[in-house]
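Working notes, structure below.
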Amino acid sequence: MIRLGVNIDHIATVRNARGGRHPDPVAGALLAAAHGADGITAHLREDRRHIRDEDMRRLRRDLPVPLNFEMAATEEMVALACALRPHACCIVPERRQEVTTEGGLDVIGQSDDLTRKIERLRQAGIRVSLFIDPDPVQVEAAARVGAQVVELHTGAYAHLPDAAELKRLQTAGRAALAEKLELHAGHGLTYENVGAVAAIGGMAELNIGHFLIGEAIMVGLPHAIARMKAAIAAGTV
């Protein structure tokens, strides 16, 4: 069964819109875990626009499921991750002016820096994933720098779910398996488009946030998670 990681960043976005403590992203994470989330993802951005340091500490302390710490490849974030020691870290590209992550990490262009930082994270007992575009060359580079997992950026497919974009994901997925990397995917996935991504051979985990939190406003988080897990399961039949 493919694991579902629920990204709780946008619960914190709503909280931060007015300040204070409500809605609490950690309470949302615990609710998600109680209703079928196999893991929780939270992105501690450099500008702290949604998740905050204290959120990460509470998540690490209270979660009954694995915590996936999304982070930029900076000295500050590596130090925080090594102190916190979550189950996993997913290194993503990050630009201050972007609304959300717009593309995959350029592993080839940052290989020396990533190799050093991944080694530090792995020495701290943290599983390391790289968020990359579905490009076999980037997949091979991820293996060379020491990542254990690649998460394929599905944004282009979510925007234009045609055969060509799906083939790109499938080809990159085969490259990941050939490199003995665990295969994850995420970004822009919905009930309607998740099935084809779930059907990619060797897919182990899908990380979904914005869509699920948006649906939760309408129908509640437990219902949204249950429907997404059903859609994932239907895609793997």
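Worth saying up front: this structure is predicted, and the values here are computed from it rather than measured.
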Does a side chain donor of either Asn7 or Thr41 reach within less than 3.5 Å of an acceptor in the other side chain?
no
Heavy-atom closest pair (Ala42 atom, Asp9 atom, distance to 0.1 Å) is CA-OD1, 3.4 Å
Closest heavy-atom contact between Pro86 and Phe69?
CG-CB, 3.7 Å
Donor-acceptor under 3.5 Å (Lys229 side chain, Gly36 main chain)
yes
Return the minimal non-hydrogen interatomic distance between Ala141 and Ile108, and the atom names on each side.
CB-CG1, 3.7 Å
Using modelled atom types and a 3.5 Å cut-off, is there a donor and acceptor pairing between side-chain atoms of Gln138 and backbone atoms of Val107?
yes
Identify the two heavy atoms, one from Ile2 and one from Met203, that lie closest to each other, and give their separation to 0.1 Å.
CG1-O, 3.4 Å
Heavy atoms only: give me the nearest Ala176-Leu183 pair and the separation to one decimal.
CB-CD1, 4.1 Å
Short side-chain to backbone donor-acceptor contact, Gln170 and Ile200, under 3.5 Å:
no
Would you say that Leu121 contacts Cys82 through its side chain, given a criterion of any heavy-atom pair below 4.5 Å between the two side chains?
yes
Supply the atom-to-atom distance Ile208 CD1 to Ile232 CD1, rounded to the nearest 0.5 angstrom.
5.0 Å
Could you pull out the closest heavy-atom pair between Val65 and Ala33, with the gap in Å?
CG2-CB, 3.9 Å
If you define the side chain from C-beta out and look only at heavy atoms, does anything of Leu152 sit under 4.5 Å from Arg168?
no
So does Met218 have more than 12 non-hydrogen atoms from other groups sitting under 6.0 Å from CE?
no
How long is the gap from NE2 on His10 to CD1 on Ile51, to the nearest 0.5 Å?
9.5 Å
Just by modelled atom types, is the Asp53 backbone N or O under 3.5 Å from a matching donor or acceptor in the Arg48 side chain?
no
So does Arg21 have more than 12 non-hydrogen atoms from other groups sitting under 6.0 Å from CZ?
no
Please test His35 against His223 for side-chain contact (heavy atoms from CB on, under 4.5 Å), starting from the C-alpha separation and ending with a verdict.
CA-CA 9 Å; His35 290 275; His223 178 83; over 6 Å; no
Indicate yes or no: at least one non-hydrogen side-chain atom of Pro222 is less than 4.5 angstrom from one of Leu31.
yes
Taking the side chain from Asp133 and the backbone from Asp135, do they hold a donor-acceptor pair closer than 3.5 Å?
no
Would you say Thr236's side chain and Ala233's backbone share a donor-acceptor pair under 3.5 angstrom?
yes
Short N-O contact, Glu119 and Arg116, less than 4.0 angstrom
no
Tell me, do Met228 and Glu215 make a side-chain contact under 4.5 Å, heavy atoms counted?
no
Answer yes when Glu75 and Arg120 have at least one side-chain N-carboxylate O distance shorter than 4.0 Å, and no when they do not.
yes
Determine whether Leu59 and Ile8 satisfy the following criterion, side-chain contact (heavy atoms from CB on, under 4.5 Å), listing intermediate values before the conclusion.
CA-CA 11 Å; Leu59 287 166; Ile8 59 161; 3.9 Å; yes
Do side-chain atoms of Asn207 reach the backbone of Gly186 as a donor and acceptor pair under 3.5 angstrom?
no
Short question: side chain of Asn193, backbone of Thr190 - any donor-acceptor pair under 3.5 Å?
yes
Apply side-chain contact (heavy atoms from CB on, under 4.5 Å) to residues Val78 and Met71 and explain how you reach the verdict.
CA-CA 8 Å; Val78 170; Met71 53 178 267; 3.7 Å; yes
From His87 atom NE2 to Ile40 atom CD1, the distance as rounded to the nearest 0.5 Å:
13.0 Å
Go through the steps to decide whether Val145 and Leu130 satisfy the test side-chain contact (heavy atoms from CB on, under 4.5 Å), and finish with yes or no.
CA-CA 10 Å; Val145 298; Leu130 300 182; 3.8 Å; yes
Leu105 side chain reached by Leu114 side chain, heavy atoms, under 4.5 Å:
yes
Rounded to the nearest 0.5 Å, what separates atom CD in Glu151 from atom CG in Leu181?
13.0 Å
If you measure from CD on Gln148 to SG on Cys89, what distance do you get to the nearest 0.5 Å?
10.5 Å
Straight-line distance of Cys90 SG to Ile132 CD1, nearest 0.5 Å:
10.0 Å
Indicate if Val14 and Ile11 have the same hydrophobic cluster label, given that clusters are the connected sets of ILVMFWY residues with side-chain heavy-atom separations under 4.5 angstrom.
no
Find out if a path of hydrophobic residues (ILVMFWY) with successive side-chain heavy-atom gaps under 4.5 Å connects Val26 to Met56.
yes
Is the closest side-chain heavy-atom distance between Leu63 and Leu30 below 4.5 Å?
yes
Residue His210 excluded, over 12 heavy atoms near NE2 under 6.0 Å:
no
Given 3.5 Å as the limit, does a donor-acceptor pair link the side chain of Thr74 with the main chain of Met77, or not?
yes
Can you tell if the side chain of Asp38 reaches within under 4.5 Å of the side chain of Glu205, non-hydrogen atoms only?
no
Cluster link Val149 to Leu169, ILVMFWY, side chain under 4.5 Å
no
Tell me whether the rings of Phe131 and His187 are parallel (<30°), tilted (30 to 60°) or perpendicular (>60°).
tilted
Are any non-hydrogen side-chain atoms of Arg45 and His50 less than 4.5 angstrom apart?
yes
